[in-house]
Peer 1: 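This is the structure I want to talk about, given as structure tokens.
Just so you know, ligand 1 is whichever comes first in the structure, and atom 1 is the first atom listed for that ligand.
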Amino acid sequence: MPPNIPLNDVYRRLLTVALDGALRHLADLPDQPVTVPTSDTMLRQLLGGPAPSAPTEPEAVLDTLLRAAELGLGPTGSSRYFGYVVGGVFPVALAADWLTSAWDQVTATYDTSPLAAVLEDICRGWLVEMFGLPVGTSASFTSSCTLANLICLATARAALLDRVGWDLVTRGLNGAPPITVLVNEHVHASVLRSLRLLGLGGDIRPLVTDGQGRVKLGPLEKEISRTNGGPVIACGQVGELHTGAVDPLRPLCEQIHAIGGWAHFDAAFGLWAATTELRHGLLDGLDLADSWSTDAHKWLNVPYESGMALVADAEAHRRAMAIHPDYLNQDAGRVRHPIQWGVAFSQRARVIPLWATLTQLGKTGIAELVGRHCALARRLAACLRREPGVVILNDVTLNQVLVRFEHPGGDGDRHTMAVTQAFQRAGVAWASGSGWGGRAVLRFSFVNWTTTGEDVDRAAASLLECHRALRSAPLPGVYRGGGHR
Ligand SMILES: Cc1ncc(COP(=O)(O)O)c(C=O)c1O
């Protein structure tokens with residue numbers, strides 16, 4: 001950068017280019033096809049080649065990036081993207097996120113960012129209140145629910161071993177009493193990965209579930225009776241990825257606690273339902289658990305990466321994660337040192353967009369958002385259910401809809417996969433194919449704040465068109481391209 005150009009002018013020029021590019025993208029989004037671009041080669045040509053040997057003007061860098069965006073952005077921001085569980089971004093969250101980058105705070109100790117430390121403590125308190133969790137529940141603000149699962153389960157491991165007189169910090173795992181882990185048989189892969197990383201993969205016992213993916217109490221009791229009196233962690237779900245189902249929280253927690261165990265719930269998106277009346281029905285007993293993991297980048301619509309680990313026993317959480325290197329000032333008089341609660345040392349102040357979004361929406365705004373998405377899910381299910389050959393496989397209690405397509409020729413799997421492919425290619429909307437109970441399915445998730453009833457109707461119309469066209473054709477001719485699994 002030439003030294004005679006005032007720094008502020010450089011920022012203004014570049015940020016203006018970024019702002020214009022961002023606004024163009026957001027304005028174009030509603031009319032863009034909701035398809036995954038096949039742009040790998042073109043992206044490599046535009047962005048790759050040999051490692052840059054000399055500097056490039058920053059305007060040219062941004063220009064290349066903006067051209068690449070036209071080729072290679074996934075459709076996940078669209079109001080008609082229903083794949084996986086992918087939220088959008090509220091404007092206030094986006095703006096706060098830009099400020100977060102401009103301020104470039106290190107969320108480590110109070111000294112590195114008093115703002116982030118105080119906001120973490122405030123958001124922790126607000127979330128505990130909004131979700132109805134025990135007062136004093138601690139929080140770690142993570143980059144993902146995966147990392148939140150890891151932190152919760154690391155805390156569970158240390159706390160349970162501590163209860164049987166084994167200090168994990170000083171003695172490690174060699175020779176430690178074995179821990180039995182009971183998991184909902186449909187538990188998210190990130191929980192299993194966390195268990196593996198923690199050395200808890202040795203004795204994982206799947207818990208039998210019903211057709212919706214909820215742990216069945218009879219088999220749970222049996223499984224509990226087979227534990228040997230040693231430490232037990234149970235991993236349940238609040239919001240099954242396919243069906244949105246919630247485990248029977250109260251009996252599950254009570255039974256696990258009766259044997260001195262730890263109840264952890266992966267609630268990546270489902271925890272937000274606790275901000276609604278569902279807390280007293282579907283989510284009854286949520287507050288009895290020992291730990292919960294969730295994401296704000298899903299249902300709260302803040303930018304990636306924003307997850308949270310919540311632990312009822314704050315002292316156990318702090319003991320499991322705390323670290324005190326000499327060079328970091330962690331003055332005990334300060335309100336909070338984020339580094340004591342998580343894994344990373346240097347972290348983005350991701351709590352800033354979280355605080356902004358919680359503040360803008362408030363309790364009623366979040367409850368309205370969640371309720372609206374559940375209603376949209378019911379609207380889609382009602383529309384599809386009327387069609388011959390379309391089966392809704394789940395009880396639509398939350399925001400997920402699980403669909404299966406039957407063919408008069410009898411091969412529902414191949415038909416469902418073909419409908420999925422045709423629907424994804426049509427570009428009106430996008431949902432992800434999966435398997436449930438050994439059968440091919442198409443799953444929809446409603447979490448983007450911009451999705452409307454009209455979006456749902458357009459998605460349903462496109463889907464039914466694909467289904468009808470493929471259903472009226474004989475099976476062999478339809479599937480020349482093969483399935484997608
Ligand atoms: C139920 C569930 N648990 C855990 C995860 C993992 O969350 P993350 O992608 O934030 O790591 C996801 C989604 O990705 C999920 O849907």
Peer 1: Quick one: does Glu305 get a heavy atom under 4.0 Å from ligand 1?
Peer 2: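 Judged by the 4.0 Å heavy-atom criterion, Glu305 does not count as contacting ligand 1.
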
Peer 1: Using a 4.0 Å heavy-atom threshold (strictly under), name the region of Ser144 that reaches ligand 1: side chain, backbone, both or neither.
Peer 2: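 Both parts.
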
Peer 1: Between Arg458 and Asp455, does any side-chain N to carboxylate O distance fall below 4.0 Å?
Peer 2: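 Between Asp455 and Arg458 there is no salt bridge, as every charged N stays at least 4.0 Å from the carboxylate O atoms.
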
Peer 1: Is any side-chain N of the basic residue among Glu305 and Arg348 closer than 4.0 Å to the acidic one's carboxylate O?
Peer 2: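 Judged by the 4.0 Å cut-off on N to carboxylate O distance, Glu305 and Arg348 do not form a salt bridge.
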
Peer 1: State whether the side chain of Gln237 and the backbone N or O of Glu240 hold a donor-acceptor pair below 3.5 Å, judged by distance alone.
Peer 2: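 No.
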
Peer 1: Among all protein non-hydrogen atoms, which one is nearest to atom 3 (N) of ligand 1, and what is the separation to 0.1 Å?
Peer 2: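 Looking only at protein heavy atoms, the one closest to atom 3 (N) of ligand 1 is Asp266 OD2, 2.7 Å.
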
Peer 1: Between the side chain of Asp266 and the main-chain N/O of Ala268, is any donor-acceptor distance below 3.5 Å?
Peer 2: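 Checked: pair present.
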
Peer 1: Would you check whether Gly239 has a nitrogen or oxygen atom less than 3.5 angstrom from a nitrogen or oxygen atom of ligand 1?
Peer 2: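 No: no nitrogen or oxygen of Gly239 is under 3.5 Å from one in ligand 1.
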
Peer 1: Which one of Gln400, Arg193, Lys298 has a non-hydrogen atom at the shortest distance from atom 9 (O) of ligand 1?
Peer 2: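 The nearest heavy atom belongs to Lys298.
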
Peer 1: Side chain, backbone, both or neither: which applies to Ser190 and ligand 1 if a contact is any heavy-atom pair less than 4.0 Å apart?
Peer 2: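 The side chain, only.
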
Peer 1: Where's the contact between Asp295 and ligand 1, heavy-atom distance under 4.0 Å: side chain, backbone, both or neither?
Peer 2: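 Just the side chain.
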
Peer 1: Should Thr35 and Trp430 be marked as a side-chain hydrogen bond (donor to acceptor under 3.5 Å, both in side chains) after you check the CA-CA gap, both sets of side-chain angles, and the distance that decides it?
Peer 2: CA-CA 7 Å; Thr35 48; Trp430 206 94; over 6 Å; no

